[in-house]
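Quick notes on the structure that follows.
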Amino acid sequence: MFMGTYAHSIDAKGRVIVPAKFRETLGDSFVVTLGLDGCLFVYPEEEWEDFIKQLKGLPGSKEARKLQRYFTAGAAPCDVDKQGRVLIPSNLREKAGLEKDIVFVGVMSKIEIWSKERWDENEDFDNVDDIAERMSEFGLSY
């Protein structure tokens, strides 16, 4: 399971050091794809395969096809080098607005990669009590 928040920087070639705590679970190879809310999602290979199965199981609607394309069209396998760095493809860096300062966020079975600016804008937990109250309807207990 992934948890925690780590700040890092991308170098001029688009490489970033993956936090050591995350590398332990990710291994040497994983998948990066477009995420939601303006970030990237990082999946260990096994979790990616599970996610793909879920996408395949969606109905054949236009919305489902759009979602399938969204997550798979830009997906890229990534390998960690000997220095613990990974090259994030330029198209994904551009879509997520990753330029210099970034934030890795562990979110259970996946990791999110945010530009520092977008993370600061989205790190709004002011109404988390209201959200938790609504999620209790789905069986969330805290």
Side-chain angles (χ1 to χ4, degrees), residues 1-129 131-132 134-142:
M1 180 170 79
F2 299 105
M3 57 186 170
T5 305
Y6 302 88
H8 283 269
S9 296
I10 292 184
D11 69 16
K13 294 181 181 180
R15 298 173 301 192
V16 64
I17 294 174
V18 177
K21 288 282 188 192
F22 290 165
R23 282 197 312 265
E24 293 171 10
T25 304
L26 279 174
D28 294 332
S29 183
F30 48 86
V31 175
V32 178
T33 191
L34 294 173
L36 301 173
D37 303 318
C39 71
L40 299 178
F41 286 167
V42 177
Y43 290 95
E45 290 181 354
E46 186 176 307
E47 290 291 339
W48 176 250
E49 291 170 15
D50 290 344
F51 183 59
I52 291 298
K53 286 177 188 173
Q54 291 177 47
L55 288 174
K56 284 181 178 179
L58 294 174
S61 68
K62 186 173 184 170
E63 286 180 329
R65 290 190 307 275
K66 189 172 188 174
L67 200 59
Q68 290 165 337
R69 282 191 297 270
Y70 176 81
F71 285 113
T72 60
C78 292
D79 297 314
V80 179
D81 68 15
K82 291 179 180 165
Q83 287 80 35
R85 300 173 304 188
V86 65
L87 174 65
I88 299 174
S90 61
N91 63 319
L92 293 176
R93 288 194 318 264
E94 184 179 316
K95 293 270 187 183
L98 305 180
E99 294 178 3
K100 177 73 175 149
D101 296 324
I102 67 168
V103 179
F104 285 86
V105 180
V107 186
M108 297 175 287
S109 62
K110 68 180 175 292
I111 298 165
E112 296 177 346
I113 302 176
W114 293 83
S115 72
K116 173 87 169 82
E117 297 80 20
R118 285 187 185 173
W119 174 249
D120 289 344
E121 291 169 6
N122 283 284
E123 188 188 20
D124 174 12
F125 299 115
D126 290 342
N127 65 342
V128 74
D129 291 337
I131 294 169
R134 287 194 305 276
M135 293 301 109
S136 68
E137 296 171 13
F138 299 102
L140 178 67
S141 60
Y142 36 89

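In this chain, residues are counted from 1 in sequence order. These numbers come from a predicted model, not from an experiment.
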> Cut-off 3.5 Å, side chains only: do E45 and S29 have a donor facing an acceptor?
Replying inline: yes
>> Closer than 3.5 angstrom, by distance alone: can the side chain of R15 be matched with the main-chain N or O of I10 as a donor-acceptor pair?
In response: no
>> In the structure I gave you, are the side-chain heavy atoms of R118 and C39 within less than 4.5 Å of one another anywhere?
In response: no
> Relative to each other, are the rings of W48 and F51 parallel, tilted or perpendicular (30° and 60° limits)?
Replying inline: tilted
> Is the closest side-chain donor-acceptor distance between E117 and W119 under 3.5 Å?
Replying inline: no
>> If I compare all heavy atoms of G97 with all of S115, which pair ends up nearest, and what's the gap?
In response: O-CB, 3.3 Å
> How far apart are the closest heavy atoms of W114 and E112, and which atoms are they?
Replying inline: NE1-OE1, 2.9 Å
> Is the distance between the ring centroids of F104 and F2 less than 6.0 Å?
Replying inline: no
> When you look at Y43 and F30, which way does the ring pair (Phe, Tyr, Trp, His ring centres under 6.0 Å) test go after all the steps?
Replying inline: CA-CA 6 Å; Y43 290 95; F30 48 86; over 10 Å; no
>> To check you understand the geometry: which heavy-atom pair defines the closest contact between L58 and A64, and what is its length?
In response: CB-CB, 3.8 Å
> Roughly how far, to the nearest 0.5 Å, is the CG atom of L26 from the CD atom of E47?
Replying inline: 10.5 Å
>> Would I113 and V103 count as a side chain to side chain contact (heavy atoms under 4.5 Å, CB included) here? Give the steps.
In response: CA-CA 6 Å; I113 302 176; V103 179; over 6 Å; no
>> On a heavy-atom basis, which atom in Q83 and which in I17 lie closest, and how many Å separate them?
In response: O-CG1, 4.4 Å
> Around E24, counting heavy atoms of other residues, nucleotides and ligands shown, do more than 12 lie under 6.0 Å from its CD?
Replying inline: yes
> For the residue pair V31 and A75, what are the closest heavy atoms and their distance?
Replying inline: CG1-CB, 4.1 Å
> Step by step, would you call I102 with V16 a side chain to side chain contact (heavy atoms under 4.5 Å, CB included)?
Replying inline: CA-CA 9 Å; I102 67 168; V16 64; 3.4 Å; yes
> Taking side chain as C-beta onward, heavy atoms only, is L87 less than 4.5 Å from R93?
Replying inline: yes
> Which class fits the ring pair F41 and F71: parallel under 30°, tilted 30 to 60°, perpendicular over 60°?
Replying inline: parallel
>> Minimum heavy-atom separation for V80 and G27, please, with both atom names.
In response: CG2-O, 3.9 Å
> Among Q54, E49, K56, whose side chain to side chain contact (heavy atoms under 4.5 Å, CB included) with I52 holds?
Replying inline: K56
> About how many Å separate NZ of K13 and CZ of R85, when rounded to the nearest 0.5 Å?
Replying inline: 8.0 Å
